[in-house]
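For reference, the structure discussed in these notes is given below.
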Amino acid sequence: MSVGPYAPEKIEPKWQKYWLEHEAFKADEDHAKPKFYSLIEFPYPSGQGLHVGHPRPYTALDIVARKRRMEGYNVLHCIGWDAFGLPTENYAIKNHIHPSVVTRDNINHFREQIQKLGFSFDYSREVNTTDPGYYKWTQWIFLQLFKHGLAYKTEMPINWCTSCKCVLANEEVVDGVCERCGSPVVHKVKNQWMLRITAYAQKLLDGLDEVDYIDRVKTQQRNWIGRSEGAEVDFALKGLEEKIRVYTTRPDTLFGATYMVISPEHSLIDKLADRILNMDEVRAYQAEAARKSDFERTEMNKDKTGVPLKGIQAVNPVNGEAIPVWISDYVLTTYGTGAIMAVPAHDTRDWEFAKKFGLPIVEVVSGSEKSVQEEAYTDVQDGILVHSGFLDGLKVADAKKAIIAWLEEKGLGEKKVNYKLRDWVFARQRYWGEPIPIIHCAKCGMVPMDEKDLPLLLPNVEHYEPTDDGESPIARMTDWVKCTCPKCGGEARRETDTMPQWAGSSWYFLRYCDPHNDKVLADRKALDYWMPVDWYNGGMEHTTLHLLYSRFWHRFLYDIGVVGTPEPYMKRTSHGMVLGENGEKMSKSRGNVVNPDETIAEIGADALRMYEMFMGAFDQAIPWSTNGARGCRKFLDRVWRLQDLCVAGDEFRPDMRVLMNQTIRKVSEDFEKMKFNTAIAQMMTLVNTLYQKGSVCHAEYRTLLLLLSPVSPHICEEIWQQMGYGAPVYTQSWPRWDEKYLTEDEKEVAVQINGKVKGKIMVPVDMTKEQGEKELVLREDVKALVGERSLVKVIFVPGRLLNLVVK
RNA sequence: GCGGGCGUGGCGGAAUGGCAGACGCGCCGGAUUUAGGUUCCGGUGCCGAAAGGUGUAAGAGUUCAAGUCUCUUCGUCCGCACCA
């Protein structure tokens, strides 16, 4: 009798319906069981729908989630929609459809596509950031941040995207252009909502030591936070009251400071305007610097520019020497104090500047092979201080301590830690986002809305086009804007900026724990049970955006007692991109986008899932291959047809025992390490072997189906049912391997003569290194390989090889 | 510029310092088939008819043994990029 053809188009919808109806993947409310919380980044439901890049991380964590359930864990595995944001709004404007309608349609399309892939999400916990029942709590968290002084509004230069007509966070500016649309970013001074993420710089840094993130994620976050240790030092100005305070990481080189530089925006310039002799030149330089975009400024960083402040002299506090003061745009106004002491002998940038403008270069740290006139000596390990008075003879590290102690004693400065991290620009002048629940009252200032009045609903506006004046389209809604002050009852105005897209995604994983709660963002008991997330996978592009932001919010919620753990995610991994078949990034404009719907129509969701995992190392970018995907379908066909080869047997057959146990171990271990490609290769090897034998017994088939089910669940359920193997696969236990049966009694090892393979011999697996080296050389087949030559040395590596060194 | 990763067949890629190229794609051959974008079996790094030789970006080194460790060079990808 022969089984019919494998027809994924029939069995996949069947099992998807079955799982849904039987609530197969509903997280259990029973908090006594061990839990496992796996998380993927919830998608932004764009108009284009899914491409084959989406299922890669989704399948990977679906495999982990399905395996964990079979291992007995209560698993929380959810999906939701990060649905506020610019592309939807832009699409809505272009097509004259309300963003909420666009969002609803896109979500329905996404959900349909995702369900066709057979992921084991608990759909009863779906969240949507644009749902007022959800963003009520996004606004609530904002109010807590506001009440704790972590949300504030301030006048400051911001990044302005000329195309989105919207401010951007520093994290959204890449190489001087908008990370979303690639348009140039210019600086504008605006009154902006900010979140004080800098207050959490050290906590965010320290927290990284407590979690299991892949190295490149930790490194990138550490770089972004950018902690440095040094000192702030005051430099007096000759004949003036004012001082210049600088930040330096090399206070040990203070004796080598031969000039100072302040940023073009430094406030001192205006204060000293009447003392600066070349003010015209200075003003011209300031104007030039202000005109440059970030992009131009970094582009031109090879050639230093600057202007001396004529008539101004500073005094080096350690030796009393008068030194000139310059302005230059290589000193940033936003870092440290916006002023530096320049030590050209031991800082490359200062060295370049000094060379260009003929400023003196004085060596204060010795140890360089080259003269400091030829090259700056920046080593901090081996250098010894010279020409530095009381610091002479000290190593750099010791000199730092000594000079800081001296500065502090004299009241000239103190130890200081600095971070590159800047506060988070938190407002957008666009329509499709969470309204900021703040009321501006002429009498009371900025007043938070009463929490019981949340959510503050987004008004239904007629026109949501962005405006050129930098105001949100909501500002035109005078009825909505006008309100009464909750404090004094007087007439007041609502804040009209909305929150950035990163707001809703900064806490969605908390909502999954208790998605329908209308009293709190999530019940504390549910949070205590499910949190932290055990395994979070997402894109590298979110490392210094969503991942950092959500860690900040979570640590804040921990500090105010809303959640019970400081860190939200225990483990973070990252997937590689799926490239187009031509090796280029998949994009509509390149015309190389592969739509999963079409792939499913051709080979089925199970084969697609399998190929997504088999295509290569999970963390690498891999080009799509239609033929490669078809190969996975061929493999599933073979698994399907094994039904015809099935013979009796409730235990592994003796000649299959070792391979079966090896496969269980390999698949189990490789899934944990995200080495899905080699796990699948091992299952292919097993199936090839079964075909060579011409049969499979029930025990072997059952095991294969259990191992394969996390990757390709529908086909496994179907065969399982057809073979009458009992309750569905997802309710079965994960197979275990038996250490006893991982190796055969005898194993073939290579015989090398002087490191070259010359033959093979069979050796008992339990033969030790010592035994082998003594006994194997006595064997006739080994002697024959040695011949007349004399043995110098014998190396036996059990299970691997025998190497004979001869002369 | 600085820091880190990577470099293996025609392609995607395997390999705790221990038989390089698992597995898949592609290709070649055989069988089944009216037919094949089916299935099954076999082959497939390169040179060579074979014996054999040779081979993991290039060059050196350590080792009985190197794709794997060390150094130099080249290429490539990523991170940081005037952060004092």
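Throughout, a chain's letter reflects where its sequence line sits, starting with A, and its residues are numbered from 1. Excluded from the calculations below are hydrogen atoms, water molecules and symmetry mates; all remaining heavy atoms, backbone and side chain alike, are included.
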Value rounded to 0.5 Å, distance of CG in A/Asp606 from OG1 in A/Thr59 |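 That separation rounds to 10.0 Å.
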
Looking at CE of A/Met260 and CG of A/Asp350, how far apart are the two atoms once the value is rounded to the nearest 0.5 Å?
-> 11.0 Å

If you measure from the Lys or Arg side-chain nitrogens to the Asp or Glu carboxylate oxygens, is any gap between A/Arg56 and A/Glu612 under 4.0 Å?
-> no

Taking the side chain of [X] as its heavy atoms from C-beta onward, which of [options] lies nearest to it?
| X | options | value |
| --- | --- | --- |
| A/Ile795 | B/rC19, B/rC64, B/rG12 | B/rC64 |
| A/Gln752 | B/rA84, B/rG12, B/rG18 | B/rG18 |
| A/Ile622 | B/rG18, B/rC23, B/rG12 | B/rG12 |
| A/Thr678 | B/rA15, B/rA84, B/rC82 | B/rA15 |
| A/Asp347 | B/rC82, B/rC19, B/rA84 | B/rA84 |
| A/Arg800 | B/rC25, B/rA84, B/rU16 | B/rU16 |
| A/Gln220 | B/rG79, B/rC23, B/rA84 | B/rG79 |

Runs of at least three consecutive pairs that involve RNA chain B, where pairs are Watson-Crick or G-U with distances under 3.5 Å =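 Paired runs of 3+ in RNA chain B: B:1-7 with B:74-80, B:10-12 with B:23-25, B:26-31 with B:39-44, B:45-47 with B:52-54, B:57-61 with B:69-73.
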
Partners of A/Pro360 by side chain to side chain contact (heavy atoms under 4.5 Å, CB included), sequence neighbours excluded?
-> A/Thr258

Sorted by chain and number, sequence neighbours left out, side chain to side chain contact (heavy atoms under 4.5 Å, CB included) with A/His542 holds for A/Glu41, A/Trp502, A/His546, A/Arg572

Just by distance, with hydrogens left out, do [X] and [Y] show a side-chain donor and acceptor under 3.5 Å apart?
| X | Y | value |
| --- | --- | --- |
| A/His575 | A/Asn537 | yes |
| A/Tyr247 | A/Ser228 | yes |
| A/Gln221 | A/Tyr213 | no |

[N] versus [M] - spacing of their [atom1] atoms, nearest Å:
| N | M | atom1 | answer |
| --- | --- | --- | --- |
| B/rA15 | B/rC69 | P | 14 Å |
| B/rA58 | B/rG75 | P | 15 Å |
| B/rC25 | B/rC77 | P | 30 Å |
| B/rU63 | B/rA14 | P | 31 Å |

Ring pair (Phe, Tyr, Trp, His ring centres under 6.0 Å) partners for A/Trp640, two or more places apart = A/Tyr6

What do the steps show when you test A/Val362 against A/Phe255 for side chain to side chain contact (heavy atoms under 4.5 Å, CB included), and what is the final call?
-> CA-CA 8 Å; A/Val362 177; A/Phe255 283 87; over 6 Å; no

Positions of residues 608-616 of chain A (non-hydrogen atom under 4.0 Å from RNA chain B), listed by number =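 Contacts with RNA chain B under 4.0 Å: A/Phe614, A/Met615.
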
Its glycosidic angle compared against 90° from 0, B/rG9 adopts the form syn

Remember a base hit wins even if backbone is also touched, and classify [X] as base, sugar-phosphate or nothing at under 4.0 Å, heavy atoms.
| X | answer |
| --- | --- |
| A/Gln620 | nothing |
| A/Gly336 | nothing |
| A/Ala342 | nothing |

Please lay out, stage by stage, how A/Asn754 and A/Val805 fare under the test side chain to side chain contact (heavy atoms under 4.5 Å, CB included).
-> CA-CA 5 Å; A/Asn754 292 341; A/Val805 185; 3.7 Å; yes

Polar side-chain contact A/Asn627-B/rC25 base: donor and acceptor under 3.5 Å | no

Protein N or O to nucleotides 38-43 of chain B N or O, pairs below 3.5 Å:
{"residue": "B/rU39", "atom": "O3'", "partner": "A/Arg641", "partner atom": "NH2", "Å": "2.9"}
{"residue": "B/rC40", "atom": "OP1", "partner": "A/Arg638", "partner atom": "NH1", "Å": "2.7"}
{"residue": "B/rC40", "atom": "OP1", "partner": "A/Arg641", "partner atom": "NH2", "Å": "3.1"}

Start at the 5' end of RNA chain B and walk down; is the nucleotide closest to A/Val749 or to A/Asn803 reached first?
-> A/Val749

If you find the nucleotide of RNA chain B closest to A/Val797 and the one closest to A/Tyr335, which residue's nucleotide is nearer the 5' end?
->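 That would be A/Val797.
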
Around A/Lys769, counting heavy atoms of other residues, nucleotides and ligands shown, do more than 12 lie under 6.0 Å from its NZ?
->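 More than 12 within 6.0 Å, yes.
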
Within a strict 4.5 Å, meaning less than it, do heavy atoms of the A/Val380 and A/Val365 side chains meet?
->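 With C-beta onward as the side chain, the pair stays apart.
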
